[in-house]
Peer 1: 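Can you read through this structure? Questions will come right after.
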Amino acid sequence: MFEVKVVNRKYAQAVLTTLRDKNTSQIEFRKGLVRLGRILGLELIEDFECEKTVVETPLGARVDGCRIKDLDNIVVITVLRAAWPLTEGLIKVLFTAKQGVVAARRVEEKGMKAGSFEIEISYVKTPRITSRDVVVISDVMVATGSTLVSVLEKLREKGVAKRYYVASVITTPHAIGRLKKYAEEAGIDLKLYTIAIDPEIDEKGYIVPGLGDAGDRAFGS
């Protein structure tokens, strides 16, 4: 199963506008990614099941409440390096999550072929993934879907999770189509959360209008 959720909250769109602005400083850009990570975390949690519980207040009154199912089974995977600030925001909400990292890069020197890039994965370090776990992949820009498909393949070698989420800032119709096809063929439950869907990618594989190179703008190199 595959779903796409666009976060249209006014605050999220205002932060995205700041990120798109070429005049935004490195520090403000990074802070913006952290803010969007927190928003995405809150949106993701809305998809989790709430288990009813009863607690007693300091006044001795008993009141119905909610405990979020699977909150203790979350594994957040950061796609290095641009997603570090996004993950920082996610973890503010998903505070019980275990964490892992995947270092992946597009082999841009070989160019984009048929809307896809060859992906080089140089490092993978993740917790053990079981059928009880919920995996959240933090990846700022999902342009062609090439990186995410490769990351999902690597993660599934570690074990198949109960379901998968992608927390992103901007994606494209091309990437959505590719991820939908992958999810259906792999038989996984995959949901993509994003702040915006931009209309196209250019000949170099950059999202247009996009926000430039997120890693360079967040880390100043």
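Because the structure is a prediction, the values reported are computed rather than measured. All heavy atoms count here, side chains included; hydrogens, waters and symmetry mates do not.
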Peer 1: Are the side chain of R20 and the backbone N or O of G210 linked by a donor-acceptor pair below 3.5 Å?
Peer 2: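 Judged by distance alone, yes, a pair lies under 3.5 Å.
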Peer 1: Looking only at the side chains, is there a donor atom on one of D133 and T130 sitting less than 3.5 Å from an acceptor on the other?
Peer 2: yes
Peer 1: Holding to salt bridge (Lys or Arg N to Asp or Glu O under 4.0 Å), I want the full list of residues that pass it with D216, two or more places apart in sequence or in another chain.
Peer 2: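 So D216 forms a salt bridge (Lys or Arg N to Asp or Glu O under 4.0 Å) with R81.
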Peer 1: Kindly indicate whether the side chain of T147, heavy atoms from C-beta on, has any atom under 4.5 Å from the side chain of F117.
Peer 2: no
Peer 1: Please check if any side-chain donor atom of T78 sits under 3.5 Å from a side-chain acceptor atom of S138, or the reverse.
Peer 2: no
Peer 1: Please examine the side chains of V124 and E157, heavy atoms only from C-beta on, and report whether any two atoms are closer than 4.5 Å.
Peer 2: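 In short, these two side chains do not touch, never coming nearer than 4.5 Å.
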Peer 1: Salt bridge between E120 and R105, side-chain N to carboxylate O under 4.0 Å?
Peer 2: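 Looking at E120 and R105, the cut-off is met.
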Peer 1: Nearest 0.5 Å, what's the CZ-OG1 distance between R67 and T53?
Peer 2: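 Going from the CZ atom of R67 to the OG1 atom of T53 covers 4.5 Å.
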Peer 1: Check salt bridge (Lys or Arg N to Asp or Glu O under 4.0 Å) between D213 and all other residues, then give those that pass, not counting sequence neighbours.
Peer 2: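 Per chain and number, D213 pairs via salt bridge (Lys or Arg N to Asp or Glu O under 4.0 Å) with no residue.
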Peer 1: Is any side-chain heavy atom of F48 closer than 4.5 Å to one of L71?
Peer 2: no
Peer 1: If we only count heavy atoms from C-beta on, is the L152 to I137 side-chain gap below 4.5 Å?
Peer 2: yes
Peer 1: Check whether any side-chain N or O of R35 sits under 3.5 Å from a backbone N or O of Y11 as a donor-acceptor pair, and report yes or no.
Peer 2: no
Peer 1: Is a side-chain donor or acceptor of T126 paired with a backbone partner of G100 at a separation under 3.5 angstrom?
Peer 2: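 Flag not set: sc T126 to bb G100 has no pair under 3.5 Å.
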Peer 1: State whether the side chain of E200 and the backbone N or O of T172 hold a donor-acceptor pair below 3.5 Å, judged by distance alone.
Peer 2: no
Peer 1: Give a yes or no on this: more than 12 heavy atoms of other residues, nucleotides or ligands lie within 6.0 Å of atom NZ of K31.
Peer 2: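 Atom NZ in K31 is not crowded, with 12 or fewer foreign heavy atoms closer than 6.0 Å.
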Peer 1: For a 4.5 angstrom cut-off between non-hydrogen side-chain atoms, does L179 reach V142?
Peer 2: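 L179 reaches V142 side chain to side chain.
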Peer 1: Among residues at least two apart in sequence or on other chains, which ones pass side chain to side chain contact (heavy atoms under 4.5 Å, CB included) with V93?
Peer 2: R38, L42, I45
Peer 1: Do the side chain of R163 and the main chain of V134 share a donor and acceptor less than 3.5 angstrom apart?
Peer 2: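 Not confirmed, R163 side chain does not pair with V134 backbone.
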Peer 1: Hey, is NZ on K154 packed in by over 12 heavy atoms from elsewhere, all under 6.0 Å?
Peer 2: no
Peer 1: Does V79 offer a backbone N or O that forms a donor-acceptor pair with the side chain of D139 under 3.5 Å?
Peer 2: no
Peer 1: Are any of the side-chain heavy atoms of L148 and R178 separated by less than 4.5 Å?
Peer 2: no
Peer 1: Would you check if K162 and N73 make a side-chain contact, meaning some heavy-atom pair closer than 4.5 Å?
Peer 2: no
Peer 1: To the nearest 0.5 Å, what is the distance between CD on E51 and CD1 on I68?
Peer 2: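 The distance works out to 10.0 Å.
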Peer 1: When rounded to the nearest 0.5 angstrom, what distance separates CD1 in I74 from CG in L44?
Peer 2: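 Going from the CD1 atom of I74 to the CG atom of L44 covers 8.0 Å.
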Peer 1: Please check this pair: side chain of R9 against backbone of I39, looking for a donor-acceptor N/O pair closer than 3.5 Å.
Peer 2: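 No, R9 side chain to I39 backbone: no donor-acceptor pair under 3.5 Å.
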